[in-house]
Number of protein chains: 2
Amino acid sequence: MAPTVPAAFPSVGKELQWMKYSRGRAGHPGATQAPVPSAGPTRNAMAEDSVRSVERALSLLRCFDLNTEALTLTELSEKLSLAPSTTLRLATVLTAQGFLQRSKVKTYSLGNAVYLLGAVAKSHFKLHNTVLPHMLALRDACKEAVTLYAMEGGYRVVYEHVESLRSMRCVVRVSDRFPLWAGAAGKCLLAYADAETVEEEIAKVRPIAPGTILDPDRFRRELAEIRRNGGRAVSHGEREEGITSTAVPIFCAPDKIAFALTVSAPSSRVDSTGLRSIFELSIQASRDIERLLRP
Amino acid sequence: MAPTVPAAFPSVGKELQWMKYSRGRAGHPGATQAPVPSAGPTRNAMAEDSVRSVERALSLLRCFDLNTEALTLTELSEKLSLAPSTTLRLATVLTAQGFLQRSKVKTYSLGNAVYLLGAVAKSHFKLHNTVLPHMLALRDACKEAVTLYAMEGGYRVVYEHVESLRSMRCVVRVSDRFPLWAGAAGKCLLAYADAETVEEEIAKVRPIAPGTILDPDRFRRELAEIRRNGGRAVSHGEREEGITSTAVPIFCAPDKIAFALTVSAPSSRVDSTGLRSIFELSIQASRDIERLLRP
DNA sequence: AATTAATTTCCGCTCTATGGAATTTTAGCT
DNA sequence: AGCTAAAATTCCATAGAGCGGAAATTAATT
């Protein structure tokens, strides 16, 4: 059902978790993507050991993302499919504990407790602390932006990012989420996903850039090709016009992908020999990182 | 009762929240401080609108701080005064949602959801985005470390910090917490707190550095003096030997302090004229920041 | 002022969340 | 290894926490 997320190196003290999303409900046309955390009556039969109110409270926190700074009570209760009274109660508790804050115009946003806890998490995050140096080195070698993606809840989300130093750069932010069905990282991650997940993603495809792969068969063939190449994936403007990017997998076990490591650049700066050297450097970095994340 | 925290500029979209702490239970002797979030049966009579399980789950998250990377189930349930079975259930839900992660040795630590949400909170945090530039400017002017503290749960916690560029520096980390009864920032914050809070803090005093003010009367007199000086506070090795630091208040309303802005340096680098200029620069920065946070 | 929408309070019912006790697993010793 | 103690996990009957509908209040809009 829900796209199972390959658990990352358990030893890293960092395991990616599944997340269930409700039907995408179109959303604002503006933002690239905006998944809706479901906390509603979608109580999938099983789901043992649920502490419903806690699950809901956490889903409430997840309603906020880089493009969603503030939400009203109504918006929250709609996103969560919860009664306004229930939503209010949860929001009140979260606010009292500093996980949310309320503006005088009665909108909620993430509170200082999240900010502070985030700093704590960051300081302990092995991923952050050990991988970033390697990404920096790769950036310096390629002179282009380097990003680390993981699959999560039907998206690829940015876990780490290092900007290029050129004045024209490709920039994303930690916590940004993009579709799996467009772009090198998406294909790389999907190449090692189960067929079910792949089909789910293929069903979502829609043209968002000139290079978007619209033909399902071509998409499937490309995934197979990528797997045959040990995970190397390229995209020419699939997600955004004029960007060429490469992706290589970071495995936590044979054929079990944890992350995709990408290098992104304006297409004009990348020729075929450049591409080859980027892959070489990326693969090397990937090997190093895999070793780092091992037990 | 619980030390009431002065609400910061409500308009900033950032309001500091109270938090209740149980008796300090000594804690490790190593770390400077380690408050224990109470989620236990200390259900203070009132406390309406409680969603107990959510409150407990949030307290569980708060068990982790910069000095507490991982905790076992038992440690958690002790910290929270909850039955192991209850703690396990909460921890399981938090883990399933990515707010916690479990290592193979069965210790819990903060999960990637916290890391990612923290990035979101940071990107929206007006405080972070508007204040930091001013702190950087102050650092450049003073050539010394600049830190922003707020009072919270009987501590002063670091909200922002900019390091000095000298090779000998005073460094703290966002989310670090220190006592209110030692150091310039603590005195500055207490100078505008209510008498009850002040007395609570005075009761906690113990010698942690050569400069610690042990005499209650002297402490009270100094707070009065600070208030008379518009909030300017100095510390000579009160919290840590060899560090001199200054603090000035950032008000959100007349006599309502939101933050303390400090400059910290090795005592050897600060003479009385240096101190005067630091205060001048700090006050100016404080004014600027207050204006920024106004609306 | 009138209308509508959003927020908040209230309350009775249901099923969730609880913690003690029992069981299993893990860790620590000899 | 075998044994013991501690920690983790499962189970379950029960209390009462959390739920959401509906009403009341407040704010926004015309």
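Quick caveat: nothing in here was measured; it's all calculated off a predicted structure. Reminder, nothing fancy here: chain letters follow the sequence lines and each chain counts from 1. Only this structure's heavy atoms are used, side chains among them; waters, hydrogens and symmetry mates stay out.
- A search for side-chain contact (heavy atoms from CB on, under 4.5 Å) contacts involving B:H128 returns A:Y115, B:K122, B:F125, B:L132, B:E160, not counting sequence neighbours.
- For B:E75, there are no salt bridge (Lys or Arg N to Asp or Glu O under 4.0 Å) partners two or more places apart in sequence or in a different chain.
- For the pair B:I208 and B:P179, the minimum side-chain heavy-atom distance is below 4.5 Å.
- Rounding to whole angstrom units, CG of residue B:L71 and C1' of D:dA7 are separated by 15 Å.
- Rounded to an integer number of Å, the gap from NZ of B:K79 to P of D:dA7 is 16 Å.
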For this session: Can you check each nucleotide of nucleotides 15-22 of chain D against protein heavy atoms at under 4.0 Å and return B for base, S for sugar-phosphate only, - for none, in 5' to 3' order?
Result: --SSBBB-
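- The interatomic distance linking A:E75 (CD) with C:dA6 (P) rounds to 10 Å, in whole Å.
- Side-chain contact check for B:Y159 versus B:E152: some heavy-atom pair is nearer than 4.5 Å.
- One atom, NZ of B:K104, and another, P of D:dA8, lie 15 Å apart when rounded to the nearest Å.
- Taking each heavy atom of B:G154 and B:L180 in turn, the nearest pair found is C-CD1, 3.6 Å.
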Do any N or O atoms of the protein come closer than 3.5 Å to N or O atoms of nucleotides 25-29 of chain D, and which pairs are they?
none

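- Under the side chain to side chain donor-acceptor pair (under 3.5 Å) criterion, B:K106 pairs with no residue, sequence neighbours left out.
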Exercise. Does the side-chain contact (heavy atoms from CB on, under 4.5 Å) test come out yes or no for B:V158 and B:Y149, once each step is laid out?
Worked result: CA-CA 5 Å; B:V158 176; B:Y149 287 98; 3.4 Å; yes
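- Between the CG atom of B:L76 and the C1' atom of D:dT9 there is a distance of 15 Å, given to the nearest Å.
- When rounded to the nearest whole Å, the span between CG of B:L88 and P of D:dA6 equals 20 Å.
- For the side chain to side chain donor-acceptor pair (under 3.5 Å) test, no residue two or more places apart in sequence or in another chain qualifies with A:E69.
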